[in-house]
Amino acid sequence: MTSTHPSISVIAPIYNEEGNIDLLYERIVRVMEASGESWELILVNDGSRDKSPEMMDALAAKDPRIRVIHFARNFGHQTAVTAGIDYATGDATVLIDADLQDPPELIHEMIERWRAGYQVVYAVREQRAGESWFKLFSAKLFYRVLYRITDVNIPVDTGDFRLMDRSVVRVLQQMREHNRFIRGMTSWAGFKQTGVLYKREARHSGETKYPLRKMIRFAMDAITSFSYFPLQIMLYVAVVLGFLALLAIPVVAILRLSLGNDFFGGQATTIIVVLLMSAFQFFFMFFLGQYVARIYDETRDRPLYVVARAENFADDPNRPSPLHAGVPVRNIAPTNETGDRA
Ligand code: UDP
Ligand code: MG
């Protein structure tokens with residue numbers, strides 16, 4: 001049996017967004033109806049503890065284009081987006097934040113570029129409103145450092161807000177790594193990619209779900225997923241320190257012979273050097289540990305997420321069953337030429 005798949009799947013991850021869901025729905029409906037495309041909106045409830053789950057179910061009950069996935073607990077933003085991608089059947093898929101920082105109206109321009117032949121259209125933040133100077137500064141620095149140390153060209157000042165053609169979505173569906181940096185994974189996939197500029201709005205309601213701790217984790221996922229640089233700089237540090245040591249031996253010998261035995265004799269110097277060296281070593285051990293922990297995550301090979309319940313998927317027999325969610329897509333019937341799952 002074949003089913004008609006929508007031309008655009010829009011995915012929004014939801015973690016305690018009760019103040020945003022209704023307006024998000026309204027704005028997306030307005031934008032998508034104006035676009036003239038057939039569409040669906042997949043809302044992924046990432047273990048919300050406010051009224052979001054009920055609000056999502058209410059939308060699904062009144063509008064069959066709204067599909068809802070409820071996770072069994074909070075699995076994190078990137079994982080919620082991943083579930084949406086796994087379930088999406090559109091010719092193109094749009095990722096958008098639920099807090100309306102990403103204006104849905106930009107989707108028009110994205111669709112235009114996609115129709116013009118680009119497989120990925122990502123939104124580049126030209127300006128950001130309503131965010132702390134620390135977030136602005138750290139984000140700017142982060143994207144630039146990342147750009148320098150990775151082999152994959154991940155565009156700067158770009159979040160997950162983007163449109164991806166089905167060909168790219170299929171690649172992402174095959175990438176089952178556990179610590180995910182989706183914007184990098186999209187770049188990795190290749191194809192023709194382009195950016196559209198936009199002004200990132202302030203959050204409509206509520207607070208950021210990314211405290212500093214999560215931001216650092218996210219940055220580490222990005223770096224370890226796409227770069228060996230932290231491992232490689234150890235060699236440079238070793239070379240520089242070794243060179244200093246070689247230089248120090250004759251210099252100290254000569255100074256002592258000419259100026260007497262007290263020269264460089266202090267304990268303080270020794271203590272400082274030992275502390276400095278331990279700091280260096282622990283710093284690199286931390287990085288090494290980051291890679292090792294991620295190897296461990298991969299070897300356990302747990303499902304990426306657990307779905308407790310899903311709404312409005314029943315009309316489409318070709319979608320993965322909610323019970324199988326999180327299981328690698330290779331275990332799900334492959335799609336045929338027209339994109340319907342066989
Ligand atoms: N989010 C999520 N799970 C989380 C954290 C965030 O699904 O554990 C969602 C959140 O509801 C929002 C999007 O991810 O739709 C982006 O989060 P947020 O706006 O807090 O991040 P920021 O824009 O501050 O970087
Ligand atoms: Mg936000």
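A side-chain donor-acceptor contact under 3.5 Å links R180 and T82.
Side-chain contacts under 4.5 Å among hydrophobic residues (ILVMFWY), followed directly or transitively, place L246 with no other residue at all. The other residues sharing a hydrophobic cluster with V239 are L235, where clustering joins ILVMFWY side chains under 4.5 Å apart. Counting Ile, Leu, Val, Met, Phe, Trp and Tyr side chains that sit under 4.5 Å apart, directly or through other members, M285 shares a hydrophobic cluster with F282. Connectivity analysis of hydrophobic side chains (ILVMFWY, heavy atoms under 4.5 Å, direct or indirect) links L275 to I271.
Y198 and F161 have perpendicular rings, their planes meeting at more than 60° on a 0 to 90° scale where under 30° would count as parallel. Using cut-offs of 30° and 60° on the angle between ring planes, the pair F218 and Y210 is tilted. Using a 30° and 60° split on the angle between ring planes, F284 and F280 fall in the parallel class, below 30°.
Taking the ring axis of F71 as reference, the NZ or CZ atom of R73 does not stay both within 45° of it and closer than 6.0 Å to the ring centre.
Sorted by first and then second residue, the salt bridge (charged side-chain N to carboxylate O under 4.0 Å, His left out) pairs involving residues 229-246 (not counting sequence neighbours) form an empty list. Sorted by first and then second residue, the side chain to side chain donor-acceptor pair (under 3.5 Å) pairs with a member in residues 21-35 read Y25-D63, R27-E105, E33-R65; sequence neighbours excluded.
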So R170 and Q174, side-chain hydrogen bond (donor to acceptor under 3.5 Å, both in side chains) or not? Walk me through it.
CA-CA 7 Å; R170 276 199 197 149; Q174 303 296 324; over 6 Å; no
